[in-house]
Amino acid sequence: MADTELTSAFVLHARPFKETSLIVELFTEDYGRVNVLAKGVRGNRKNSNRALLQPFQPIKVSWIGRSELKTLKQIEPDGFAHRLKGIASLSALYLNELLLRLFIQWDPHLDIFHLYKTSLQHLHAGDKPNLILREFELELLDVLGYAIDWQHDIYGDAIEDGMTYAFVPEQGFIPQLQAPADSWLANGATILAVADHHWNISGAPALARKVCRLNIDQLLNGKELNSRKLLQQTLAMQS
């Protein structure tokens, strides 16, 4: 792939390269994750591209090159930057880190790209970050092939309101009577609330958070997410 047309994108991460350049991790609409070399954007106040190579700024980009690391050819704004602060900013950084850790390069995911875009919009609008993250995690696990069945147990039987279940990572929900003694438990009504995304039901957001984290941690093979750690520390300080 020597040259591309402009494609919508967001910057997930950037790091210095040599004296004046950046290596930029992009999440693009048409190509998925892409690494590009942005030449001459550091230390040059007249270079307008540097201001666009920031997280949460919708952009359109094109690149050239036949190697794995492409060279940024063109960049232009694709909307207003999302000026996020505090919990909203940390939540968006968490989304970025999930995409960096769990998606391989050159593997487009159009649905996730648009969900990421709307998630930033909701964070900018001041919507509840914890619910935005739960919606994103659930869809991400689905796309990765690790969707959680919130309506049936591991035997295919329907989850029942009045029953209690344990969750087994990478398998699903199992009736309490068949679960190990040290399992943490959830009631069927709460599980079904998550299935319908009824976040107003008490315990539903917390259950989704715990189950998603267990599955995501399995995919990360024990690697820690820095953004998650910062987010948890900040929430603990505010509580």
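Just so it is clear, the values below take in all heavy atoms, side chains as well, and ignore hydrogens, waters and symmetry mates. Throughout, numbering of the chain's residues begins at 1 and tracks the sequence.
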List, one per line, each side-chain donor-acceptor pair under 3.5 Å for residues 114-126, sequence neighbours excluded.
unit_1 : atom_1 : unit_2 : atom_2 : d
H114   : NE2    : E29    : OE2    : 3.0
Y116   : OH     : N96    : OD1    : 2.5
T118   : OG1    : H114   : O      : 3.1
T118   : OG1    : L115   : O      : 3.0
S119   : OG     : L115   : O      : 2.7
H122   : ND1    : D127   : OD2    : 2.8

Any side-chain heavy-atom pair from [X] and [Y] closer than 4.5 angstrom?
X	Y	value
L231	S91	yes
K70	I64	no
T7	V34	no
F136	L131	no
L26	V61	yes

Check residues 153-181 and write down every donor-acceptor pair under 3.5 Å in which the side-chain atom is one partner and the other belongs to a residue at least two apart or another chain.
unit_1 : atom_1 : unit_2 : atom_2 : d
D153   : OD1    : Y155   : N      : 2.8
D153   : OD1    : G156   : N      : 3.1
D153   : OD1    : D157   : N      : 3.0
Y155   : OH     : Q178   : OE1    : 2.7
Y165   : OH     : E160   : N      : 2.9

Counting only pairs under 3.5 Å, give me each side-chain donor-acceptor contact of residues 189-197, with atom names and distances, residues two or more places apart or in other chains.
unit_1 : atom_1 : unit_2 : atom_2 : d
T190   : OG1    : N187   : OD1    : 2.8
T190   : OG1    : N187   : ND2    : 3.2
H197   : ND1    : E135   : OE1    : 2.8
H197   : ND1    : E135   : OE2    : 3.1

Check whether [X] and [Y] end up in the same hydrophobic cluster, where Ile, Leu, Val, Met, Phe, Trp and Tyr are linked by side-chain heavy atoms less than 4.5 Å apart.
X	Y	result
L140	W199	yes
L133	I201	no
F27	L6	no

**Q.** Apart from L37 itself, residues in the same hydrophobic cluster as defined by side-chain heavy atoms under 4.5 Å
**A.** F17, I23, L69
**Q.** Under the salt bridge (Lys or Arg N to Asp or Glu O under 4.0 Å) test, residues paired with E139 that sit two or more places apart
**A.** none
List the atom pairs, donor and acceptor, that lie under 3.5 Å between side-chain atoms in residues 211-229 and the rest of the protein, sequence neighbours left out.
unit_1 : atom_1 : unit_2 : atom_2 : d
D217   : OD1    : R228   : NH1    : 2.9
D217   : OD1    : R228   : NH2    : 3.2
S227   : OG     : E97    : OE1    : 2.6

Q. Can the ring centroids of F56 and F10 be said to lie less than 6.0 angstrom from one another?
A. no
**Q.** Approximate separation, where rounding is to 0.5 Å, of L53 CG and L22 CG
**A.** 6.5 Å
